[in-house]
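For reference, the structure discussed in these notes is given below.
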2 protein chains.
Amino acid sequence: MPNISDVARRAKVSRTTVSRVLNGKDDVNEETRRRVLEAIRELNYRPSALARSLVKQKTDTIGVILSDITDPFFSRIIQGVEDVAHKFGYGIVYASMRWDPQIKHNYVNFLRSGRVDGLLMMGHTVGNEDYVREMVEERFPLVLVEYWINNLKANFIAIDNRGGGYLATRHLLGLGHRRIAHVAGHKNARVSQERLAGYRQALAEAGVSYDESLVVYSDFTTEGAIPVAKKLLSLPERPTAIFAANDLMAYGVIHAARELGLKVPRELAVVGYDDIELASLVTPPLTTIHQPRYEIGSMAAWSLIQQIENKEMQPTVTEFKTSLVIRESCGAK
Amino acid sequence: MPNISDVARRAKVSRTTVSRVLNGKDDVNEETRRRVLEAIRELNYRPSALARSLVKQKTDTIGVILSDITDPFFSRIIQGVEDVAHKFGYGIVYASMRWDPQIKHNYVNFLRSGRVDGLLMMGHTVGNEDYVREMVEERFPLVLVEYWINNLKANFIAIDNRGGGYLATRHLLGLGHRRIAHVAGHKNARVSQERLAGYRQALAEAGVSYDESLVVYSDFTTEGAIPVAKKLLSLPERPTAIFAANDLMAYGVIHAARELGLKVPRELAVVGYDDIELASLVTPPLTTIHQPRYEIGSMAAWSLIQQIENKEMQPTVTEFKTSLVIRESCGAK
DNA sequence: CTGTTAGCGCGTTCAA
DNA sequence: TTGAACGCGCTAACAG
C-alpha cells in the first residue's frame with residue numbers, strides 16, 4: 001500500500017501539500033492540486049485512517065455494544081442509529097456480547113482503546129459493572145440505552161421496562177386471568193428484572209399473590225423458551241396466561257402450547273414484549289408491548305454525537321414510554 | 001488518557017521496558033515488571049490499539065460487510081463467524097449496507113483504510129464492483145460469501161442458490177401446481193437472480209412456460225412482500241403456489257393471503273428460503289430451503305483468518321449445498 | 001536485562 | 001502558496 005510520501009514524491013511536492021489536498025484545504029495552487037490528485041489516482045492511494053486517527057485523536061467511528069446482534073428487537077434501533085450516524089459522518093462498529101459480562105467487558109476495552117470516539121451500550125448485564133462508572137468519570141462519551149443507574153451522572157436513554165411489564169400483566173388480569181405465568185428473559189439481563197418487577201407490581205395491585213413457581217427464566221430466544229414453557233404448561237395447576245419477556249419467547253410459548261394440544265388464545269393467553277415487525281404478521285398476531293425503537297436509536301446516536309463533539313454537554317435522562325398493542329393472542333379482540 | 005511515557009516515567013524505566021511488559025516478553029526483571037504493572041494500574045493506563053496497529057500493521061480485527069444486519073438469515077452465520085474469530089483472537093466489525101451499492105462501497109473504503117486486517121463480504125449487489133476485483137489483485141485478505149464470480153481468483157464460500165430455487169420450485173411442481181409465482185428478492189441482490197434462475201430452470205424442465213407477470217420483486221422483508229403478494233393474488237388467473245426468495249417474505253405472502261381470505265396451504269401453497277429459526281415455530285410451519293448457516297459462517301471466518309496469517313494461501317471455492325425442508329405451508333405433509 | 005534510536009503514516013505548527 | 005520539523009503512541013532493532 002502506497003503512503004503519503006509516495007504520492008508526494010510522484011507529484012513532486014511535499015507530504016504537507018498532499019495532506020492539504022487530502023483534507024480539502026483551499027490554500028493550494030490549482031495546478032499543484034491537479035498533480036497531486038493525479039498521483040493519488042495513479043497510485044491508487046488510500047490514506048490510512050489509523051494514522052490519521054492517531055494524530056487527530058479522532059476516529060469518526062462510534063461503537064455499539066449490544067446484547068445480541070441477532071435479536072430483531074434491535075433491528076429498528078440500529079436503523080435509527082445508522083441513519084443519524086451517517087448523517088453526521090460517523091461510521092459504526094457493532095459488538096455483540098451475547099449476554100456474557102466477560103465478553104462485554106472485553107469488547108468495551110477493545111473498542112475504548114482508541115478505536116471509537118464514543119460508545120453506545122444496550123443490553124445491560126447484572127453484576128459488577130464498575131468499569132462503566134469509570135468511563136463516565138473519565139468523561140468518555142457514552143450513552144446507555146434501556147436502563148438507568150441511580151447516582152450516575154451519565155447519558156441515559158431509558159425505556160420504561162417496569163411499566164411495560166406492568167401493562168402486559170394488567171391486561172391479562174383485566175381479562176380475568178388470575179394464574180398468570182411469566183417467562184423472564186436472560187438471567188444476566190437487567191431488563192429481565194425490570195419486566196419481572198412490573199409483572200409483580202400488577203399482581204400485587206390486583207391482590208393476586210406472587211407464586212414463584214410461575215416464573216421461569218430463559219434466554220430471549222424462541223428455542224430457549226419452548227422447554228421452559230412446556231414445564232409451565234405441565235404444572236398440576238396450569239396457568240391460563242403467560243407473559244413472555246419478549247416476542248421471540250412468546251412464539252416459543254405458543255409453539256409449546258400447540259405441541260401440548262392447547263389452543264391459543266382459547267386455552268392460553270399470551271402476551272409478548274417488543275412488538276417486533278413479525279409480531280403483527282404471523283399467526284396468531286401477538287398482543288405485545290410496543291416501544292418507539294427507531295426514535296430510541298436515533299436519539300441515542302444523536303445524543304452520543306453531541307457528547308463527542310461538545311464535551312460540555314450535560315448528562316441527561318430521556319425516558320421513552322411503552323404502550324400495549326392488543327392483537328389476537330389473548331383473545332381480547 | 002495516560003500514555004506509555006507516563007507509565008515509563010512513573011515506573012522509572014524506559015518506554016521500551018513498559019512495552020515489553022505490555023506484550024508479555026519474558027526478558028524483564030521480575031521486580032521491574034512489578035513496578036511497571038503497578039504504574040499501569042495506578043494510572044489506569046490502557047494501551048492505544050491505534051498506535052499499536054499502526055506500527056504492527058495489524059489490527060486483529062476483521063470486517064464483516066453484509067446486506068442487512070437485521071436479517072435473521074445472518075444470525076447463525078454471524079454466530080459462526082464470531083465463534084471462530086474470537087478463538088483466534090480477532091475482534092469483529094460489522095457494516096450493514098442495506099443493499100445500497102454506494103453505501104457498500106463507502107464501507108469497503110472505510111474499513112480498508114487500515115481499520116481491519118481482512119474483509120468478509122456477504123450480500124452481493126448487482127452492478128459495477130470492480131473495486132472487489134482490485135482488492136483481490138492487491139491481495140487484500142477477502143472472503144466472498146454467497147456468490148461466485150467467474151475468472152476471479154479469490155476465496156469464495158458459495159451457496160447453491162440456483163439449486164435452492166430449483167428445489168423449491170420442483171417441490172411445488174411435484175405437488176401438481178402449474179401456476180407458480182415467485183416473489184423475488186431485492187433487485188440489487190445477486191442471490192435474487194440466482195434463485196430466480198433456479199425457479200425458471202425447474203419450470204422449463206417441467207414444460208411449464210415462463211410467465212413474466214408471475215414474478216415480482218421485493219426487498220427481503222415481510223412488510224415489503226405484502227403488497228406485491230396481494231398484487232399476485234389479485235391476478236385474473238390467480239397463482240396456486242408462491243415461491244418466496246426468503247422466509248420473511250414468505251410470511252408476507254401468507255399474511256397477504258390471509259387478508260384476502262385465502263387459506264394456506266389449502267388455497268395457496270407457499271415455499272420460503274433460508275430456514276430461519278422461526279420458520280419451524282410459527283403457524284404455519286414453513287416449507288423452505290435450508291442452508292448450513294453456522295458452518296458457512298465459521299468456515300468463512302476460518303478461511304479469512306488463514307489468508308490473513310498466511311498470505312500464500314491458495315484461493316478456493318467452497319460450495320455449500322442447500323436442501324428442502326418440508327413442513328406444512330404447501331400441504332405436502 | 002535495559003535503554004537508545006528509528007520509524008509506522010499522517011496532520012499541524014511555523015517560517016519562508 | 002509551500003515545506004521543514006515535530007509529534008500522535010507505540011514496537012522493533014541494536015547496543016550495551
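Convention: sequence-line order gives letters A, B, ...; per-chain numbering from 1.
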Could you list the residues that satisfy side chain to side chain donor-acceptor pair (under 3.5 Å) with [X], not counting sequence neighbours?
X	answer
A:Thr316	A:Asn155
A:Lys12	none
A:Ser113	none
B:Gln314	none

Can you list the residues that meet the ring-ring contact (aromatic ring centres under 6.0 Å, His included) rule with [X], with sequence neighbours excluded?
X	answer
A:Phe73	none
A:Tyr131	A:His105
B:Tyr94	none

Worksheet item: Is it true that the side chains of A:Gln57 and A:Ser53 contain a donor and an acceptor less than 3.5 Å apart?
Response: no

Worksheet item: How about B:Arg52 and B:Thr59: does a side-chain donor come under 3.5 Å of a side-chain acceptor?
Response: no

Discussion item. Can you tell whether the side chains of A:Arg98 and A:Asp71 come within less than 4.0 Å, N to carboxylate O?
Written reply: no

Discussion item. For B:Asp130, is there an ion pair with B:Arg133 - N to carboxylate O distance below 4.0 angstrom?
Written reply: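 Salt bridge: no.
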
Discussion item. Please classify the nucleic acid contact of A:Thr32 as base, sugar-phosphate, or nothing, using heavy-atom distances under 4.0 Å.
Written reply: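 Sugar-phosphate, no base atom in range.
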
Item to complete: At the 4.0 Å heavy-atom cut-off to chain B, mark where contacts on DNA chain C begin and end, going 5' to 3'.
Response: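 Endpoints of the contacted stretch of DNA chain C: C:dC1 to C:dG9.
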
Item to complete: May I have the distance from B:Asp6 (atom CG) to D:dG9 (atom P), rounded to whole angstrom?
Response: 8 Å

Worksheet item: Under a 4.0 Å heavy-atom cut-off, which of residues 39-62 of chain B touch DNA chain C?
Response: B:Leu54, B:Val55, B:Gln57

Practice prompt. Pull out every residue in residues 13-31 of chain B that has a heavy atom closer than 4.0 Å to any atom of DNA chain C, ordered by number, or say none.
Written response: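 Per residue number, the list reads B:Val13, B:Ser14, B:Arg15, B:Thr16, B:Thr17, B:Arg20, B:Asp27, B:Val28, B:Asn29.
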
Worksheet item: In degrees rounded to 10°, what angle is found between the helical axes fit to the five outermost pairs at each end of the helix from C:dC1-D:dG16 to C:dA16-D:dT1?
Response: 40°

Item to complete: Could you tell me whether the side chain of B:Met1 reaches within less than 4.5 Å of the side chain of A:Phe140, counting heavy atoms only?
Response: no

Fill in: With A:Glu38 via salt bridge (charged side-chain N to carboxylate O under 4.0 Å, His left out) - residues at least two apart
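Only A:Arg34 meet the salt bridge (charged side-chain N to carboxylate O under 4.0 Å, His left out) criterion with A:Glu38.
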
